[in-house]
Amino acid sequence: MHVDALETVTLLKPDRASYTALDFLGWRETNSLKVAPEFQRRSVWGRPAKAFLIDTLLRGLPVPPIYLRVRQDKQKSRLVREVIDGQQRISAVIDFIDGRFRLLPSSDARWASKEFDELDERDQDLIRTYPFFCEVFHSISDAQVLEVFARLNTYSVQLNAQELRNGRYFGYFKQTAYGLAHEHVEFWRRNRILTEQGIARMQDAELVSELMIMEMDGLQDKKASINRFYADHDDSFPEQQRVVDRFRATIDAIADAVDFLAETEFRRRPLFYSLFGAVYHRRFGVSGVELATPKKPLNENERRGLRETVADLTEVLIQVRQDAPVPDRWVPFVNASLSQTDNIQPRRTRLKQIYELAF
């Protein structure tokens, strides 16, 4: 039977509802919930992802909507709710209530390392009654389900590398990087290191990730190692507190010494990476950088030297853009700042010249 366009639109329009974990558990008990229909992908979430979701619920933060299809069972004796999109969220909540995993340790959460039965009654109720917003389709076919989501994805912006990481990893390294990125959002804005659009698309988290990796393992070639660090430190991150403390100390040192950063070339991310590296090496030492360092806070002479170096190198790059001749002493830095800026050799060259000029 032919269905015209107007009728199709009406048929595929979902109802909006709010359901809780208690609803999902009740439907499970009556065999009227299918978490993994035939067309649905199987669960791929590990413990960090599940624990991150539960942490989100306990903090009262939003999660994406869940898509359900409601239709009669084969005997036409009852309604069955099938999870079109949201399988892993529902499974994580049910698994946690069933005692199948415990939360990750966390320094700032009262529920750290606990299973559901170990939570106090207030926190258990937060999970049981958290409102999941749902889009509910009634009696639509598999083909119509696929059409709906094909059209939804048509209007999606292609994800960048950090946005893809955000959907893949949920553990310690990710949470640390995003925490530091959000903590310093005014620093990125004030110094024009990132645009509002860049921050919205998680470029701040990617930059912080690269700086954290430098702290842990020295200068890297491009962004090739980021995924490895996210994966290796998803379940545990023994160096977390040291990385966080040193990151904050380095940013504070830069902010204190160079209060005009927004007007310099060092607001560009590749050059800021090198500026951070030079200051970090002076304070703590960067692995693989063979430059003598006292590993102490900057004194007044060093802060003055850093300010003058940032100003001088900025002036050099401005003159280059105006086709002025470049003195020989600046040529390595200029070349390393204008091409292949994320490659490891230009990164080494920039850090070395900043460091030797400033300190």
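Computed over heavy atoms, backbone and side chain alike; hydrogens, waters and symmetry mates excluded.
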E300 CD: over 12 foreign heavy atoms closer than 6.0 Å
yes
Could you go through the salt bridge (Lys or Arg N to Asp or Glu O under 4.0 Å) check for R307 and D312 one step at a time?
CA-CA 9 Å; R307 283 194 295 271; D312 290 345; over 6 Å; no
Under 4.0 Å between a Lys/Arg side-chain N and an Asp/Glu carboxylate O for R100 and E115?
no
Drop me the distance from Q72's CD to L79's CG, to the nearest 0.5 angstrom.
6.5 Å
Starting at CZ of R348, measure out to CG of L351 and round the result to the nearest 0.5 Å.
10.5 Å
May I ask you to decide if G26's main-chain N or O and E29's side chain share a donor-acceptor pair within less than 3.5 Å?
no
Step through the shown structure and confirm whether more than 12 heavy atoms of other residues, nucleotides or ligands are within 6.0 Å of CD on E290.
no
Would I94 end up clustered with L22 when hydrophobic side chains under 4.5 Å apart are linked, directly or stepwise?
no
Do you reckon M212 sits in the same ILVMFWY cluster as V244, going by side-chain contacts under 4.5 Å, direct or chained?
yes
Aromatic centroids of F276 and F247 separated by under 6.0 Å:
yes
Checking the side chain of W188 only, and the main-chain atoms of H182 only, is there a donor and an acceptor separated by less than 3.5 Å?
no
Show, in sequence, the C-alpha distance, side-chain angles and deciding distance for R303 and D256, and conclude whether the salt bridge (Lys or Arg N to Asp or Glu O under 4.0 Å) test is met.
CA-CA 8 Å; R303 288 194 291 271; D256 182 52; 3.5 Å; yes
Whether R102 side chain and S113 backbone form a donor-acceptor pair below 3.5 Å:
yes
Keeping the roles fixed (side chain from Y355, backbone from L275), state whether a donor-acceptor pair exists under 3.5 Å.
no
Is it true that T314 and E265 share a donor-acceptor pair across their side chains at a distance under 3.5 Å?
no
Are side-chain heavy atoms of R71 and E82 found at a separation under 4.5 Å?
yes
Derivation of the side-chain contact (heavy atoms from CB on, under 4.5 Å) call for N160 and R165
CA-CA 9 Å; N160 62 35; R165 272 181 219 110; over 6 Å; no
Aromatic ring centroids of F266 and F272 under 6.0 Å?
no
Tell me if the NZ atom of K352 is crowded by more than 12 foreign heavy atoms within 6.0 Å.
no
If the threshold is 4.0 Å, N to carboxylate O, is there a salt bridge linking R28 and D98?
yes
Looking at N299, I'd like to know if its CG atom is crowded, meaning that more than 12 non-hydrogen atoms belonging to other residues, nucleotides or ligands lie closer than 6.0 Å.
yes
Would I354 end up clustered with I318 when hydrophobic side chains under 4.5 Å apart are linked, directly or stepwise?
no
Test side-chain contact (heavy atoms from CB on, under 4.5 Å) on Y169 and N227; report intermediate values, then the result.
CA-CA 9 Å; Y169 301 105; N227 285 352; 4.1 Å; yes
What's the spacing between I66 CD1 and D85 CG if we round to 0.5 Å?
8.5 Å
For F132 and S18, run side-chain contact (heavy atoms from CB on, under 4.5 Å): C-alpha distance rounded to whole Å, both residues' side-chain angles, the deciding distance at 0.1 Å, then the answer.
CA-CA 5 Å; F132 289 89; S18 176; over 6 Å; no
Under a 4.5 Å cut-off applied to non-hydrogen side-chain atoms, are N335 and T349 in contact?
no
Counting neighbours of CZ on R78 that are heavy atoms of other residues, nucleotides or ligands and sit closer than 6.0 Å, is the number greater than 12?
yes
To the nearest 0.5 Å, what is the distance between CD on Q353 and CG on L313?
6.5 Å
Partner of D342 by salt bridge (charged side-chain N to carboxylate O under 4.0 Å, His left out), out of R268, K222, K223
K223
Any side-chain to backbone donor/acceptor pair from R69 onto I140? Under 3.5 Å, distance only.
yes
With a sphere of 6.0 Å drawn around CZ of F133, does it hold more than 12 non-hydrogen atoms of other residues, nucleotides or ligands?
no
Side-chain donor-acceptor pair under 3.5 Å between W111 and D120, yes or no?
no
Please examine the side chains of L298 and F359, heavy atoms only from C-beta on, and report whether any two atoms are closer than 4.5 Å.
yes
Taking every non-hydrogen atom, the tightest pair across V63 and T56:
CG1-CG2, 3.8 Å
NE2 of H281 to NZ of K295, rounded to nearest 0.5 Å, is 8.0 Å
Contact check, side chains of R192 and E263, non-hydrogen atoms, under 4.5 Å
yes
Do P14 and V136 come close enough that some side-chain heavy atom pair is under 4.5 Å?
no
Mind checking whether I254 and D252 have side chains closer than 4.5 Å, heavy atoms only?
no
Are F229 and L164 joined in one hydrophobic group, where the rule is that I, L, V, M, F, W and Y side chains link up if heavy atoms are under 4.5 Å apart?
no
Please determine whether residues L159 and M202 belong to a single hydrophobic cluster, defined as Ile, Leu, Val, Met, Phe, Trp and Tyr linked transitively by side-chain heavy-atom distances below 4.5 Å.
no
Looking only at non-hydrogen atoms, find the nearest pair between G277 and M214 and report the distance.
CA-SD, 3.4 Å
Between H184 and I251, is there a side-chain heavy-atom distance shorter than 4.5 Å?
yes
For A205 and A177, the nearest pair of non-hydrogen atoms, with its separation, is O-CB, 4.3 Å
Does CZ belonging to R168 count more than 12 external heavy atoms closer than 6.0 Å?
no
Carefully, step by step, assess F237 and M216 under the rule side-chain contact (heavy atoms from CB on, under 4.5 Å).
CA-CA 11 Å; F237 190 7; M216 298 166 66; 3.6 Å; yes
Cation-pi between K114 and F116: NZ/CZ under 6.0 Å from ring centre and within 45° of the ring axis?
no
Pair Q162-Y178, side-chain donor/acceptor within less than 3.5 Å
yes
Would you mind reporting whether V258 and L261 have side-chain heavy atoms less than 4.5 Å apart?
yes
Pair S236-Y172, side-chain donor/acceptor within less than 3.5 Å
no
Could you please spell out the steps behind the salt bridge (Lys or Arg N to Asp or Glu O under 4.0 Å) verdict for D125 and R128?
CA-CA 5 Å; D125 284 342; R128 292 191 191 102; 2.8 Å; yes
Spacing of N166 atom CG and R201 atom CZ [to the nearest 0.5 Å]:
12.0 Å
I want to check a possible cation-pi pair here: R347 against Y273, using under 6.0 Å from ring centre and within 45° of the ring axis as the test.
yes
For R269 and E210: C-alpha separation, side-chain torsions, deciding distance, then whether salt bridge (Lys or Arg N to Asp or Glu O under 4.0 Å) applies.
CA-CA 11 Å; R269 276 182 289 164; E210 287 198 90; over 6 Å; no
Any side-chain to backbone donor/acceptor pair from D221 onto I344? Under 3.5 Å, distance only.
yes
Ring-ring centroid check F24 W27, cutoff 6.0 Å:
yes
Distance under 6.0 Å and angle within 45° of the ring axis: does K296 meet both against F284?
no
